[in-house]
Amino acid sequence: MWSAIRSWFDPDEVRSEGTTPDYRFSLANERTFLAWMRTALALIGGGLAVAQFLPEHRLRIVISVSLLALGGLVAVRAIDHWARSEKAMRKGEALPPSRFPAILALVVTAGAAALLLATLL
């Protein structure tokens with residue numbers, strides 16, 4: 001686990017394995033990482049908006065904290081997926097599969113339902 005975390009911060013750790021892939025693939029991997037970071041920032045912004053603009057209610061706290069936590073989780077997941085994908089490309093292996101997009105979609109759908117409920121109350 002610690003070696004995976006170390007690879008997030010040490011580019012030489014990632015570059016030490018395999019051979020350098022076509023730079024277009026590395027840049028595409030980086031663009032995917034940045035897209036996930038935008039998603040994380042949007043979730044965090046949504047959590048702050050809910051905390052500020054929904055009326056006082058227990059549901060407001062649950063939704064805002066959930067969105068803030070989910071934003072942090074997406075950010076951590078983004079860097080982990082970037083590092084694993086980069087390593088796989090360098091080794092000539094298949095890219096690592098991820099269930100995270102499906103899980104995130106279900107959680108966001110549940111959050112939207114909770115926001116709708118909070119708004120109607």
Expected output: side-chain Ser64 to main-chain Ile61 donor-acceptor under 3.5 Å: yes
Would [X] and [Y] show up in the same hydrophobic cluster when neighbours are defined by side-chain heavy atoms closer than 4.5 Å?
X	Y	value
Leu41	Phe33	no
Leu104	Ile63	yes
Val50	Ile44	no

Closest non-hydrogen atom pair, [X] against [Y]:
X	Y	answer
Leu70	Val108	CD2-CG2, 4.4 Å
Ser85	Asn29	CB-OD1, 3.5 Å
Glu86	Pro21	OE2-CG, 4.2 Å
Val62	Ser66	O-OG, 2.6 Å

For the atom pair [atom1] ([X]) and [atom2] ([Y]), what is the distance rounded to the nearest 0.5 Å?
X	Y	atom1	atom2	answer
Leu95	Phe25	CG	CZ	9.5 Å
Ile103	Leu73	CD1	CG	9.0 Å
His57	Leu117	NE2	CG	8.0 Å

Among Val74, Leu68, Leu48, side chain to side chain contact (heavy atoms under 4.5 Å, CB included) partner for Leu43: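 Among the candidates, only Val74 passes.
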Minimum side-chain heavy-atom gap Phe100-Trp36 below 4.5 Å: yes
Thr20 and Arg90, any side-chain heavy atoms less than 4.5 Å apart: yes
Glu17/Lys87 ion pair, N-O < 4.0 Å: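 So Glu17 pairs with Lys87 through a salt bridge.
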Polar side chain donor-acceptor pair, Ser98 to Arg84, under 3.5 angstrom: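 Distance-only check fails for Ser98 and Arg84.
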